[in-house]
Each structure stands twice: as structure tokens, then as C-alpha cells.
Amino acid sequence: MLHDSPRPPVHTTSLAGLKKLHTGKVRDIYEIDADSMLIVTTDRLSAFDVVLSDPIPEKGRVLNSISNFWFERTRHIVPNHLTGRAVDSVVGDPAERAMLADRAVIVKRLKTVPLEAVVRGYVIGSGWKDYQKSGAIAGIKLPAGLKQAAKLPQTLFTPSTKAAIGEHDETISFESAAQLVGAAVAARVRDSAIALYEFAAAYARERGIIIADTKFEFAHGADGGLVLIDEVLTPDSSRFWPADTYREGISPPSFDKQFVRDYLETLAWNKQAPAPKLPPEIIAKTSAKYLEALTRLTGA
């Protein structure tokens, strides 16, 4: 788990001796060989698909630790991309090793399934906006009269396309997902995503956290089966609510970056890059929320 003493935040990385394959919203990916790569979880934060210039201290370590926690506990549902190899085996520089501690993993290189597997247990966010307009979420008709943040009658799978940085993911129907990746793969993604969510939601609920919704990413394994990749059930890929203060009719306070989104919504910002700078108190509160989510879930 995390080191006791805070480390300097990491916004961008440039590792000597390793070729950078990709810079994502939060993760930097480096090539190790034909079969494996290094994923570094930085302290970058994105909101409304725009990467902010201010890093959130400890965020990357929290996300990596929570993902590893869930990867370990969900192997019985779907295998994942972790190799178990030590980062120090491919990074020799002591300063780089220190910077990467708790925030990097070596994973298998796999062909990704081009879907965001979004799972919803509650009516919130874009789902709430959709429901208010149409009485449905992603075309799935729901009972009338649901309040904001209400628990859904059943878990919904509402896939979306994977957008490039700076562009927005687009929710699509299950039928469109099936056309995109094939009916069999779409069904496996749906069933795996719902099983993962329901398993994790039950676990988290016992620890005082409601997981309102989340998104997963999958790849094709060598045997043709699905492999869980990227991050899993973190405060970046999910909405985490404190169970003790939850009630319907309001947007609940959260352990995730919704706190930053809510702040940005108070500004006259068009949600295009560059994003506004965050005040120090917003950065500090956001960092504390990520750390609290880690502690509640894992006891670390």
C-alpha cells in the first residue's frame, strides 16, 4: 500500500531507457517488450474530458492501489492484465524507482475491446439528465417518478465509445455495441461488467461506500476470452458516495472527482481546454477524498 510520507506530485513522466507508447488522461504507458508494458498512474486529473494542469497529490498512488486491490479480488469473475513482475526489474534509476513506487505496474500487451463498459446502479450524472428528458437511460425505459440519485430497479449496462483525449465518449445502445465488437463479445462484456459491479458494490457497501456507477475496459486474451484492463473501480472510473449521508433527491457528496466537477460547474468555463486552475483548498480536499476512499475500501 502507500508510503506513509507524502511524495511530490507527479503530473508528467519521461522515463529514461523506455519508449513511451501513450500519454492518456491520467496514465503514461511505456513499452517493455512485445508482450508487456509499464503503466504509470500519474496525479493528473481530468474533468469533462479535459486534463487539468494541477496535479492532485497522492491521487496516482491511490488509484493504482485501489485498482490492484480490486484486480486481486475479482480474478474469479474475469482474469486481468497484471503480470506480477516487479517494476524495479525494468527501471534501474533510483530516482525513477522512488517516483514510481506504488504508482506503476507491469501488464500484458493485449488488443483492447473498443468500448467503455459503463455500469449504473443509481440515477445520477448524464443518466439523470437523460432520464429527466426521456424517462430512459441510454434508451432503456425506466419507471416514472425516480428521484435524482435513486437506486435503479436493476443494474444497467450503458456502453459508450472510447473517445480520444479532448473528445467526449458517446453513449451507444447495446445493439450498436454488438455491431461494433460482435454480438458474442458485447454480451460477454455486458455480463462481466455487471458481475464485477455487483460484486464490488456489495463489498463496498459493507465498508460505508455506495458505488453509484463505474466503467470498465476489457481486452482480448490469448485464449480468446476477456481480460480486465486499465483501472478498476477507482474514484476516477466510478462515483463513490458515503453511505451514511446518502439520500435521494440530491447529488450526494462523493469520494471521487465529482467534487472537482461540482467546483468547475460554478465557473464560467466552456469545458474546453485549457481548464481553469484549481485553488489550493480544492486540491487539498480532493486529495483527502481519494485517500479516504482508499482507507475505507482497503483499510490502508
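Everything quoted here is computed from the prediction, not taken from an experiment. The analysis underlying the following values was restricted to heavy atoms, covering all of them including side chains, and did not include hydrogens, waters or symmetry mates.
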I'd like to know if [X] pairs up with [Y] as an ion pair, taking the criterion as any Lys NZ or Arg NE/NH1/NH2 lying under 4.0 Å from an Asp or Glu carboxylate oxygen.
X: E58; Y: R7; value: no
X: E31; Y: R109; value: yes
X: D35; Y: K108; value: no
X: K59; Y: D43; value: no
X: E292; Y: R296; value: yes

Does the side chain of [X] pick up a donor-acceptor pair with the side chain of [Y] at under 3.5 Å?
X: D33; Y: S36; value: yes
X: T155; Y: R120; value: no
X: S134; Y: D130; value: yes
X: S176; Y: Q179; value: no
X: Y197; Y: D213; value: no

Are [X] and [Y] packed together at the side-chain level, in the sense that at least one heavy-atom pair is separated by less than 4.5 angstrom?
X: K162; Y: L115; answer: no
X: L52; Y: L278; answer: yes
X: H22; Y: R27; answer: no
X: P252; Y: P242; answer: no
X: P159; Y: T171; answer: no
X: L45; Y: V26; answer: no
X: L156; Y: V119; answer: no
X: I106; Y: V90; answer: yes

Side chain of [X], backbone of [Y]: donor and acceptor closer than 3.5 Å?
X: Y30; Y: L15; answer: yes
X: T83; Y: R85; answer: yes
X: R103; Y: M99; answer: yes
X: R188; Y: G225; answer: no
X: R61; Y: T41; answer: no
X: T234; Y: I66; answer: no
X: W241; Y: S254; answer: no
X: T74; Y: L196; answer: no
X: S238; Y: F240; answer: no
X: T266; Y: Y263; answer: yes

>> Quick check on side chain to side chain contact (heavy atoms under 4.5 Å, CB included): which of V227, L110, V113, V181 does H220 satisfy it with?
In response: V113
> How about K129: does its NZ atom have over 12 heavy atoms from other parts shown lying under 6.0 Å from it?
Replying inline: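 Not more than 12 within 6.0 Å, no.
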>> Please determine whether salt bridge (charged side-chain N to carboxylate O under 4.0 Å, His left out) holds for the pair E265 and K271, giving the CA-CA distance in whole Å, both sets of side-chain angles, and the decisive distance to 0.1 Å.
In response: CA-CA 9 Å; E265 288 275 27; K271 300 187 174 71; 3.1 Å; yes
Is the ring centre of [X] less than 6.0 Å from the ring centre of [Y]?
X: F69; Y: Y203; result: yes
X: Y246; Y: Y122; result: yes
X: F199; Y: H76; result: yes

> What class does the angle between the rings of H81 and F71 fall in, given that below 30° is parallel, 30 to 60° is tilted and above 60° is perpendicular?
Replying inline: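 It falls in the tilted class, 30° to 60°.
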>> Quick test of your reading: applying ring pair (Phe, Tyr, Trp, His ring centres under 6.0 Å), list the pairs with at least one residue in residues 264-288, sequence neighbours left out, ordered by first then second residue.
In response: none
> Quick one: which of D236, D230, D49 gives a salt bridge (charged side-chain N to carboxylate O under 4.0 Å, His left out) with K25?
Replying inline: D49
> Taking only residues two or more places apart in sequence, or in another chain, which ones meet N64 in a side-chain hydrogen bond (donor to acceptor under 3.5 Å, both in side chains)?
Replying inline: none
>> Under the rule for salt bridge (Lys or Arg N to Asp or Glu O under 4.0 Å), what residues qualify as partners of D262, not counting sequence neighbours?
In response: none
